[in-house]
Amino acid sequence: MEYLIEKINLSKKYKSDCIVIGIFEKYQLSYIADILNKISDNYILKILKNNNFKGKINQIIMLYEVPNILIKKILIIGCGMKEKFNREKNKIIIKKVINQIKAINIKDVFWCLTDLIIKNINIYWNIRDTIKIIEENIYTFDKFKKIKKYTLSIIKFNINNNNIQKSQKAIIHAKAINIGMIKTKNLANLPPNICNPEYLSLKTYKLSKKYKKNISVKIIDETEMKNLGMNAYLAVGNGSKNKSIMSVIKYDNLFDHSQPIILIGKGLTFDSGGISLKPSLNMDEMKYDMCGAACIYGVINFISKLKLPLKIIGIIAACENMPDSNSFRPGDIIKTMSGKTVEVINTDAEGRLVLCDVLTYINQFNPSIVIDIATLTGACVVALGNNISGFMSNNLDLSKNIIKASLDVDDRVWELPINDKNYYNELKSDIADIRNTGNSNAGGAITAACFLSKFTKKYKWAHIDIAGTAWNYNENNKAFASGRPVNMLCQFLLNYSNYNN
Ligand code: BES
Ligand code: MG
Ligand code: ZN
């Protein structure tokens, strides 16, 4: 998909296949709509009035063969009351327009909605939002389909001279983030018989080959894990014939001694629950238990594309949780890499076991910030639903920056508390240092984070539980990866590197 900036003077001579314009209620025309209407000798307004088009939000109409105009199709979208037009409404109309464009197979569009004035939003964010919504609505996962769907190919933005630089920057950022999102979705949508831990490690290896100057990858296999004492991680993968593999992706574009930011992704390529087997209803969705890892892969793609001035270590913590005679069991006591022992109560609470060893492993890098991304708990879905990710942190500054990034790009998170001793009491074990599930089911997203927090004492840390947001459902109730929270993390890193407008 290409995004171009077009500086044109609309006149009778301007030729194109399709133009998109917005009209507010009470026939308040946007700048471009007004010009077009004048060229057409008021024909456009007349037609709208005859067709009862009042400019109500999402009212949509396509005009063909408008007098004096060589543009073949004029797609007009109602924007509601001018005074009430805001970021939310802008997103609503973009979605409507893009679905219309898809329905009639238009490939090349002159897009004039970015000149609608939106309260508190400048052109940079207007374009960022626009590209995000367009891309979200044209994405298809058809790798395994014989017949591929069509794709829209060119969007030309109408931008006035003052805004060109900001717009170009927005396009560059939005496209790089979109590449990250698509990489994440494509990886996450793969079936678990293809996307196993080895497959994930190969993907990271290929990425390092593509960006040789900035990326190196270290593969930690089971032998290495044993040497390191990562017994909790190993225990989870024991029941699978697919070996556990952790990929450590080092991205550096600073080449100095600064401390790295570490991003960790839970990469369960399938979570059957293990011996504590999950019910079969919707178990297929547990191929998405590697969405945290897929997210890290997408984010590293994004940083590399933009060559951000950062030092990042991305960790793909991959393994598969299967029932087998080699599986770990409820009742097992495992010595983690940190030395703490864990009593396994439920083998389905495996994500925290994998992560706790990774959180210990990374101490050697002396990180400035650590963020883990994980489809960690069903309880998080119960608490926050499917549009807001849970997050918990041991550092106020980090929390603020995560919230800021999430609001910037509307990739929402909500902070849950971990600073209450009652949660930690839930994790007390009579036989080991700690149990892997809370004593009750209450506050499950939080007790999981509290478990992790016992391994993150040495650095600023945030945990993002994406169990409810990493995938969503289409009109047939089929689950597809959402690519979240790639947008939020990319924005966090853009803000961090001061790379923004
Ligand atoms: N991967 C699941 C969490 C999950 C569940 C993600 C549903 C998305 C949708 C995780 O490994 C898990 O099974 N957690 C258990 C923990 C429980 C046993 C304490 C859960 O949430 O049921
Ligand atoms: Mg599980
Ligand atoms: Zn899991």
Side-chain angles (χ1 to χ4, degrees), residues 188 192 195-197 200 232-233 235-240 242 244 264-295 316-323 327-332 342-358 372-390 416 423 426-427 429 434-452 463-473 477 479-482 484-485:
C195 181
N196 54 32
L200 285 179
Y233 190 149
V236 173
N238 260 352
S240 173
N242 293 311
S244 300
I264 302 168
K266 172 177 172 183
L268 266 289
T269 58
F270 190 71
D271 177 15
S272 67
I275 297 299
S276 314
L277 193 63
K278 285 183 181 296
S280 47
L281 183 70
N282 299 333
M283 206 209 272
D284 59 312
E285 289 177 14
M286 280 301 124
K287 71 170 187 176
Y288 290 120
D289 213 17
M290 43 62 79
C291 279
C295 171
I316 307 280
C319 62
E320 186 178 44
N321 188 16
M322 296 293 261
S327 294
F328 74 132
R329 325 157 186 75
D332 281 359
V342 180
E343 177 188 6
V344 177
I345 303 294
N346 189 319
T347 63
D348 199 10
E350 85 297 337
R352 64 199 78 183
L353 294 173
V354 171
L355 290 175
C356 76
D357 274 348
V358 180
D372 77 74
I373 318 289
T375 46
L376 203 64
T377 65
C380 191
V381 194
V382 175
L384 297 174
N386 291 106
N387 194 42
I388 301 188
S389 309
L416 300 170
Y423 298 125
E426 291 267 327
L427 294 169
S429 164
I434 183 175
R435 0 179 324 143
N436 83 326
T437 63
N439 198 18
S440 72
N441 285 328
I446 299 176
T447 46
C450 288
F451 180 97
L452 297 179
H463 156 65
I464 313 221
D465 194 331
I466 55 168
T469 53
W471 65 94
N472 41 43
Y473 300 89
N477 219 16
F480 283 98
S482 66
R484 291 181 61 189

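In listed order, ligands and their atoms are each counted from 1. Bear in mind that the values here come from a model prediction, so they are computed numbers and not experimental data.
Side chain of Asn386 to main chain of Gly468: a donor-acceptor pair is present (N/O by atom type, distance under 3.5 Å, no hydrogens or angles). Judged by distance alone, with hydrogens and angles left aside, the side-chain atoms of Arg352 form no donor-acceptor pair with the main-chain N or O of Cys450 at under 3.5 Å.
Here Asp372 does not pair with Lys266 in a salt bridge; the nearest charged N to carboxylate O distance is not below 4.0 Å.
Side-chain contact between Asn321 and Ser240 is absent, with no heavy-atom pair separated by less than 4.5 Å.
Taking the Zn ion (ligand 3) as reference, Asp271 places its N/O/S atom OD2 nearest. Taking the Zn ion (ligand 3) as reference, the nearest N/O/S atom within Asp289 carries the name OD2. The atom name of the N/O/S atom in Glu350 closest to the Zn ion (ligand 3) is OE2.
At the top of the distance list for atom 7 (C) of ligand 1, counting protein heavy atoms only, stands Met286 CE, 3.6 Å. Summary of contacts: the protein heavy atom closest to atom 20 (C) of ligand 1 is Gly378 N, 3.8 Å. Protein heavy atom closest to atom 10 (C) of ligand 1, with residue, atom name and distance, is Leu376 O, 3.3 Å.
Near Lys266, with a cut-off below 4.0 Å to any heavy atom, the atoms of ligand 1 are 1 (N), 10 (C), 11 (O). Close contacts between ligand 1 and Ala467 involve ligand atoms 6 (C), 8 (C) [criterion: under 4.0 Å to a heavy atom]. Below 4.0 Å from some heavy atom of Thr375 lie the following atoms of ligand 1, by number and element: 1 (N), 2 (C), 3 (C), 6 (C). Within ligand 1, counting atoms from 1 as listed, the ones closer than 4.0 Å to a heavy atom of Arg352 are 16 (C), 19 (C). Below 4.0 Å from some heavy atom of Thr437 lie the following atoms of ligand 1, by number and element: 19 (C).
For atom 14 (N) of ligand 1, the nearest protein heavy atom lies closer than 4.0 Å.
Residue Asp348 places at least one N or O, backbone or side chain, under 3.5 Å from an N or O of ligand 1.
Excluding waters, the set of protein N/O/S atoms under 2.8 Å from the Mg ion (ligand 2) reads Asp271 OD2, Asp348 O, Asp348 OD1, Glu350 OE1.
For residue Lys266, an N/O/S atom approaches the Zn ion (ligand 3) to within less than 2.8 Å.
The closest non-hydrogen atom to atom 2 (C) of ligand 1, taken over Ile345, Asp271, Asn346, comes from Asp271.
Trp471 counts as a contact of ligand 1, since one of its heavy atoms falls under 4.0 Å from the ligand. Ligand 1 is never approached by Met290 to a heavy-atom distance shorter than 4.0 Å.
Contact annotation: for Asn321 versus ligand 1, there are no heavy atoms closer than 4.0 Å. In Glu285, neither the side chain nor the backbone holds a heavy atom less than 4.0 Å from any atom of ligand 1.
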